[in-house]
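Source: prediction; values computed, not measured.
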Amino acid sequence: MAQTRPLKLDTFYDRGNPEPSALELLYAARPDWKATPGRVRIEPLLGGVPNTILKITKDAPGKSESENDQAAVVLRANGDEPNELLGLDREAEARTHELLAQHGLASPLLVRFGNGLLYAYIPGRPCKPHDLCREEVWASVAVKLGQFHAKLTRANDRIGSGGGGGGGPDVKMDMGGPAPNIWSTMQRWINVLPTRTAEEKSLRLDLQTELSWSFERLGRSKSSPGERAYVFGHCDLLSGNILIASAADDKAEPGKAAAASRITPDRIRIIDYECAMYCPAAFDIANHFSEWGGFACDYTMLPGRTVRREFIGRYLSSYGEHAGIVTADFESAVSELAASVDRFRGLPGLLWAVHAFVSVLESKVDFDWIPYANKRLAEYRAWKAHEDGVQPESGGEVSLRERMWARE
């Protein structure tokens with residue numbers, strides 16, 4: 001069913017006057033809430049740093065808490081950071097959300113206002129890193145990611161837009177692919193790094209060298225289903241960006257509580273699209289696997305070969321179903337994509353290291369950006385050493401991450 005186009009307002013959410021500001025935006029989308037009885041509750045949702053994310057619920061008389069939850073909305077106001085260096089494209093993010101909603105992959109987008117979005121609330125909870133290791137979760141995420149790639153890539157190819165770029169005939173191409181993509185984005189971030197000191201110059205030159213090397217090694221490979229070089233990917237599929245919808249959100253038969261509580265693809269929602277852009281499918285999958293360890297980078301949580309192959313098999317089945325592709329030799333296709341994911345396993349470390357080196361220049365988030373950047377860069381270097389056939393120095397050993405990745 002076609003989604004109603006969101007209302008566009010020039011109004012801005014005011015953090016200095018939060019409740020009246022939120023209500024003004026709410027009543028634009030839900031004017032009936034102002035005229036009917038029942039208290040309107042505004043409560044913050046976790047996980048919104050640096051953005052402000054509010055859940056707004058109408059306690060309608062005669063309705064249950066669950067029914068009121070189903071009608072709730074979310075207000076997301078972008079953080080007040082400059083965002084001049086990272087250059088996140090909020091227009092593209094809103095377009096991606098709207099496109100996903102049209103395909104039933106995101107909650108309906110109700111309002112686009114000056115510094116954020118208002119959209120329907122989905123009762124549920126965001127994943128934690130340990131959730132990603134549960135088979136019912138990762139198997140469902142694999143199916144949903146295949147659907148995400150198939151639907152979004154075909155839609156963006158057709159309209160020639162999305163993520164600030166697109167795949168249509170008039171779209172800008174950058175570093176050999178539709179832009180923005182992971183390569184052009186890393187290049188843009190490296191370009192804004194300062195060069196005031198010898199140390200800063202050395203860091204920027206080092207990162208530029210690594211980007212050029214990795215692009216030559218991986219940038220022209222066909223590492224997506226159907227012989228594609230790129231899909232339109234999420235590119236930040238960490239645990240907090242995966243929502244497990246409440247069982248009540250499913251259409252389970254009454255009285256089957258155990259079955260209703262099972263996690264299935266229908267209960268998985270992929271959220272937060274500010275980093276969505278073109279990428280090889282192998283990158284998006286490898287990046288998701290790297291997030292199993294969370295921000296703590298607990299490499300013992302990484303999936304081994306067997307789990308990765310099963311994930312990729314489910315992903316390819318889902319992608320093929322939603323893209324209308326029939327694979328003649330499915331097992332060979334799984335093996336080929338698994339090999340590509342292996343080859344891309346180090347690149348997320350480079351991307352998020354560069355992201356962190358830029359973030360420290362303008363972010364107001366209380367986070368140890370430099371130690372995190374160095375840790376992610378070390379992941380990339382360990383992978384690169386393996387790619388180059390460089391053996392550990394005498395008495396040394398292969399990094400923990402590489403060992404965990406190599407296990408069955």
Side-chain angles (χ1 to χ4, degrees), residues 3-36 38-60 68-102 105-126 162-164 234 236 238 240-241 243 269-276 358-359 361-367:
Q3 294 290 327
T4 303
R5 294 299 302 275
L7 182 67
K8 295 189 72 171
L9 301 176
D10 293 330
T11 309
F12 280 69
Y13 172 74
D14 182 3
R15 287 180 175 79
N17 196 26
E19 184 168 330
S21 178
L23 289 175
E24 179 183 1
L25 293 165
L26 168 71
Y27 293 144
R30 296 277 194 265
D32 56 307
W33 282 22
K34 189 174 185 179
T36 54
R39 182 171 63 109
V40 174
R41 288 185 289 114
I42 302 175
E43 53 188 313
L45 294 179
L46 298 178
V49 177
N51 304 316
T52 297
I53 304 181
L54 305 174
K55 176 188 175 186
I56 309 179
T57 310
K58 173 85 166 182
D59 290 332
N68 286 328
D69 243 14
Q70 293 289 337
V73 300
V74 173
L75 183 152
R76 174 182 163 174
N78 303 327
D80 58 1
E81 299 181 342
N83 189 34
E84 295 172 357
L85 301 182
L86 286 175
L88 299 176
D89 189 337
R90 298 302 183 183
E91 281 294 313
E93 180 185 3
R95 288 197 303 271
T96 298
H97 189 137
E98 187 175 351
L99 196 56
L100 284 163
Q102 290 171 9
L105 294 174
S107 58
L109 185 56
L110 306 174
V111 177
R112 293 174 59 180
F113 55 91
N115 59 340
L117 307 171
L118 195 74
Y119 49 89
Y121 173 71
I122 300 174
R125 67 173 181 85
H234 186 275
D236 191 20
L238 46 73
N241 287 339
L243 186 75
R269 305 287 192 276
I270 294 175
I271 63 174
D272 197 341
Y273 319 113
E274 66 181 17
C275 292
V358 174
S359 294
L361 302 175
E362 64 178 357
S363 177
K364 298 178 182 179
V365 177
D366 184 16
F367 185 73

Is the shortest heavy-atom distance from the side chain of Val111 to the side chain of Leu117 under 4.5 Å?
no
Return the set of residues passing side chain to side chain contact (heavy atoms under 4.5 Å, CB included) with Lys55 (not counting sequence neighbours), or none when no residue passes.
Glu43, Leu45, Thr57, Asp69, Ala72, Tyr121
CD1-CG distance between Ile56 and Leu26, expressed to the nearest 0.5 angstrom:
5.0 Å
So, do Asp236 and His234 sit near enough that their side-chain heavy atoms are less than 4.5 Å apart?
yes
Distance col, row Asp89:CG vs Cys275:SG, nearest 0.5 angstrom, shows 11.5 Å
Rounded at 0.5 Å granularity, tell me how far CZ in Phe12 sits from CG in Asn115.
5.5 Å
Taking the side chain as C-beta and beyond, is there a heavy-atom pair between Ile122 and Ser107 under 4.5 Å?
yes
Measuring only between side-chain heavy atoms, which start at C-beta, is Ile270 closer than 4.5 Å to Asn241?
no
Please find the pair of heavy atoms, one from Pro123 and one from Gln70, that lie closest to each other, and give the distance.
CG-NE2, 3.8 Å
Those residues that, when tested against Phe367, pass ring pair (Phe, Tyr, Trp, His ring centres under 6.0 Å) (two or more places apart)
Phe295, Trp369, Tyr372
I need the minimum non-hydrogen distance between Tyr13 and Ser21, along with the two atoms involved.
CA-OG, 3.2 Å
To the nearest 0.5 Å, how far apart are CD1 in Ile271 and OH in Tyr273?
7.0 Å
Worked check of side chain to side chain contact (heavy atoms under 4.5 Å, CB included) between Thr11 and Leu25
CA-CA 8 Å; Thr11 309; Leu25 293 165; 4.0 Å; yes
With rounding to the nearest 0.5 angstrom, report the CG to CD1 distance, Leu75 to Ile42.
8.5 Å
Can you tell me which residue pairs pass the salt bridge (Lys or Arg N to Asp or Glu O under 4.0 Å) test with a partner in residues 18-29, sequence neighbours excluded?
none
So, for Pro31 and Ala28, which heavy atoms are closest and what is the spacing to 0.1 Å?
CD-O, 4.1 Å
Side chain to side chain contact (heavy atoms under 4.5 Å, CB included) filter on Arg90, not counting sequence neighbours, yields Asn51, Arg76, Asn78, Leu88, Glu93, Glu274
I would like to know whether Val40 and Leu23 meet side chain to side chain contact (heavy atoms under 4.5 Å, CB included); could you show each step before the answer?
CA-CA 9 Å; Val40 174; Leu23 289 175; 3.8 Å; yes
Gln102 (side chain) donor-acceptor with Pro108 (main chain) under 3.5 angstrom
no
I need the full list of salt bridge (Lys or Arg N to Asp or Glu O under 4.0 Å) pairs touching residues 106-122, with sequence neighbours left out, sorted by first then second residue.
Glu91-Arg112
Non-hydrogen atoms of Gly124 and Leu243 that approach each other most closely:
C-CD1, 4.0 Å
State whether the side chain of Asn68 and the backbone N or O of Asp59 hold a donor-acceptor pair below 3.5 Å, judged by distance alone.
no
With sequence neighbours excluded, tell me which residues meet ring pair (Phe, Tyr, Trp, His ring centres under 6.0 Å) with Phe113.
none
What are the two closest non-hydrogen atoms of Ala29 and Leu110, and how far apart are they?
CB-CB, 4.2 Å
Is the ring pair Tyr119/His97 parallel, tilted or perpendicular, if the boundaries are 30 and 60 degrees?
tilted
Short question: side chain of Asn17, backbone of Pro20 - any donor-acceptor pair under 3.5 Å?
no
What I'd like to find out is whether the side chain of Ile53 reaches to under 4.5 Å of the side chain of Val74, using heavy atoms alone.
yes
